[in-house]
Chemist: 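Quick one: this structure, given as structure tokens, is what I'll be asking you about.
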Amino acid sequence: MITKRIIPCLDVKNGRVVKGVNFEGVSDVSDPVALADFYSKNGADELVFYDITASFEGRKLFTDILTDVASKIFIPLTVGGGINTVDDFDRVLKCGADKVSVNSGAIRNPNLISEAAKRYGDQCVVISADVKRVGNEFRVFAKGGREDTGLEAIEWIRRCVGNGAGEVVLNSIDTDGVKRGFDLEMLRAVLQAVNVPVIASGGAGGIGDFVDLFKSLPTVDAGLAASIFHFGEVTIPDLKRELKNNGINVRI
Amino acid sequence: MIAIVDYGVGNLFSLKSSFRMIGQDAIVSGDKDVIAKADKIILPGVGAFGDASRKLRATGLDRVVISEAANGKDVMGICLGMQLLFEKSFEYGEHEGLGLLKGQIVGMEGRIPADLKIPHIGWNALRFRKESHLTNGIREGDFVYFVHSFYADGCGDSLIATAEYGADVPAIVGKDNVMGCQFHPEKSGNVGLSILKAFCEGRK
């Protein structure tokens, strides 16, 4: 049976990984290739590279780095950030990405997902949604969580999947950075609405939060986190051992 | 030299890189002569069967792969490339494959329990079904990375390894010099690289 996936997310700005502490055996933790290699060797099931550069030069650096990572690391790579057109898909897929995650780009251009899915297949298109509670509903936010789009999130995600998104990353703005666990309520609502893999993001503070996630929501497919891995608060081998001890199927 | 057949389907960057990683000379090519001269052939592919088999035929590379396989050259299909080696597929209609392996490609829908998600995406463990040089460097239970919604049925004695996903999903197949992996060895870490290496080293 398929394993639950653990996915570190690396934010890249001007060719360097943002934030992190030193790991033994990694000479430069802001070097995307060195860090990707470290995570891959330590049991990461997949890596997400998020381009937070705004400039043209930064974009170029990002694709150079992606090429470098993809020629040395042989696990699935997902790329996000600045994906607004099918040409953007093309740009990162040529550099060795396997999946492309869209966020604000899909809000601005409702046809982006269907066009990309038609050309590259559903398995290649990931909808990444930043979601926050507003009143009684879950609302989609754009521009890195700064702008309320007014879109009801569950319906929006359902529509994206209907258009061909093969996977959903649900990032709860409400739990992000709080480190008190994933947003189980929000995740449950999404899991009930779609039948493609759902990746939980936002809120992991420790190993227990991942155990909780997979025990409470057996149909969730993966847990994604950034800072707890980059700052060494949680190591992936420890995390996976604990998941296994709790009867959760992981790749060790 | 290994020829990775380029017929306009899918992204061959990682596949080419993975051969470089294991110290093998691989070339991505759609040139019949280059493929005919290569020591071994890799048939890649992602996307829909009908579209891919049409493209393969349109380029005439289907005949090169078939004749080189008939000459005894080692051929390995990967993901959709593996599916193309079989007789036919029922993915959105009925399409003819290369017919190098016995069996047909059928959808998972309706054949696996309804609570399992389709596509089958992620890391799954291999169970060995028969001896093969391809699995010499790996162990039963090792994980490989799958992304697919259709699978090979009726493989008979070409079954080398399966993965459990509500059904025994053929993961590695092979008969004599014609082989295939349903999963992506170029995305399956060291386990995948070991399988590619075993393919390059050849049958003993």
Chemist: What part of Asp122(A) gets closer than 4.5 Å to chain B, counting heavy atoms only: side chain, backbone, both or neither?
Modeler: neither
Chemist: Can you tell me if Glu96(B) has over 12 outside heavy atoms packed within less than 6.0 Å of its CD?
Modeler: no
Chemist: Supply the atom-to-atom distance Ile73(A) CD1 to Ser14(B) OG, rounded to the nearest 0.5 angstrom.
Modeler: 11.0 Å
Chemist: Between Lys72(A) and Ser17(B), does a side-chain contact (heavy atoms from CB on, under 4.5 Å) hold up when you go through it step by step?
Modeler: CA-CA 7 Å; Lys72(A) 293 175 182 128; Ser17(B) 303; over 6 Å; no
Chemist: Atom NE2 of His120(B) and atom CD of Gln123(A): how far apart are they, to the nearest 0.5 Å?
Modeler: 14.5 Å
Chemist: Write down the atom of Ala70(A), the atom of Phe13(B), and the distance for their closest heavy-atom approach.
Modeler: CB-CE2, 3.6 Å
Chemist: Measure the shortest side-chain to side-chain distance between Ile2(A) and Lys117(B) over non-hydrogen atoms and say whether it is less than 4.5 angstrom.
Modeler: no
Chemist: Quick one: what part of Thr3(A) sits under 4.5 Å from any heavy atom of chain B, side chain, backbone, both or neither?
Modeler: both
Chemist: Please check if atom NZ in Lys244(A) has more than 12 non-hydrogen atoms from other residues, nucleotides or ligands closer than 6.0 Å.
Modeler: no
Chemist: Can you tell me how far the CZ atom of Arg251(A) sits from the CG atom of Asn124(B), to the nearest 0.5 Å?
Modeler: 12.0 Å
Chemist: With only heavy atoms counted, which part of Ser18(B) is less than 4.5 Å from chain A, the side chain, the backbone, both or neither?
Modeler: both
Chemist: Atom CD of residue position Glu140(B) - does it have more than 12 heavy atoms of other residues, nucleotides or ligands inside 6.0 Å?
Modeler: yes
Chemist: Checking Ala222(A) against chain B: side chain, backbone, both or neither under 4.5 Å from a heavy atom?
Modeler: neither
Chemist: If every non-hydrogen atom of Pro76(A) is compared with every non-hydrogen atom of Lys187(B), which pair is closest and at what distance?
Modeler: CD-O, 3.6 Å
Chemist: Heavy atoms only, distances under 4.5 angstrom: which of Phe146(B), Phe143(B), Trp123(B) has the most pairs with chain A? Name it, please.
Modeler: Trp123(B)
Chemist: I'd like to know whether CG of Asn190(B) has more than 12 heavy-atom contacts from other residues, nucleotides or ligands below 6.0 angstrom.
Modeler: no
Chemist: Considering only heavy atoms, which portion of Leu193(B) lies under 4.5 Å from any heavy atom of chain A: side chain, backbone, both, or neither?
Modeler: side chain
Chemist: So which part of Tyr145(B) gets closer than 4.5 Å to some heavy atom of chain A, the side chain, the backbone, both or neither?
Modeler: side chain
Chemist: In Å and rounded to the nearest 0.5 Å, what is the CD1 to NZ distance from Ile121(B) to Lys99(A)?
Modeler: 5.5 Å
Chemist: Given a strict heavy-atom distance threshold of 4.5 Å, which part of Cys95(A) is in contact with chain B: side chain, backbone, both, or neither?
Modeler: backbone
Chemist: Do Met21(B) and Phe74(A) pass the side-chain contact (heavy atoms from CB on, under 4.5 Å) test, and can you show the C-alpha distance, the side-chain angles, and the key distance before you say yes or no?
Modeler: CA-CA 10 Å; Met21(B) 194 66 171; Phe74(A) 299 99; 3.4 Å; yes
Chemist: Counting neighbours of NZ on Lys73(B) that are heavy atoms of other residues, nucleotides or ligands and sit closer than 6.0 Å, is the number greater than 12?
Modeler: yes
Chemist: Among Thr67(A), Val250(A), Leu77(A), which has the most heavy-atom pairs under 4.5 Å with chain B?
Modeler: Thr67(A)
Chemist: Please state whether the side chain, the backbone, both or neither of Lys4(A) comes within less than 4.5 Å of a heavy atom of chain B.
Modeler: neither
Chemist: Around atom OH of Tyr92(B), are there more than 12 heavy atoms from other residues, nucleotides or ligands closer than 6.0 Å?
Modeler: no
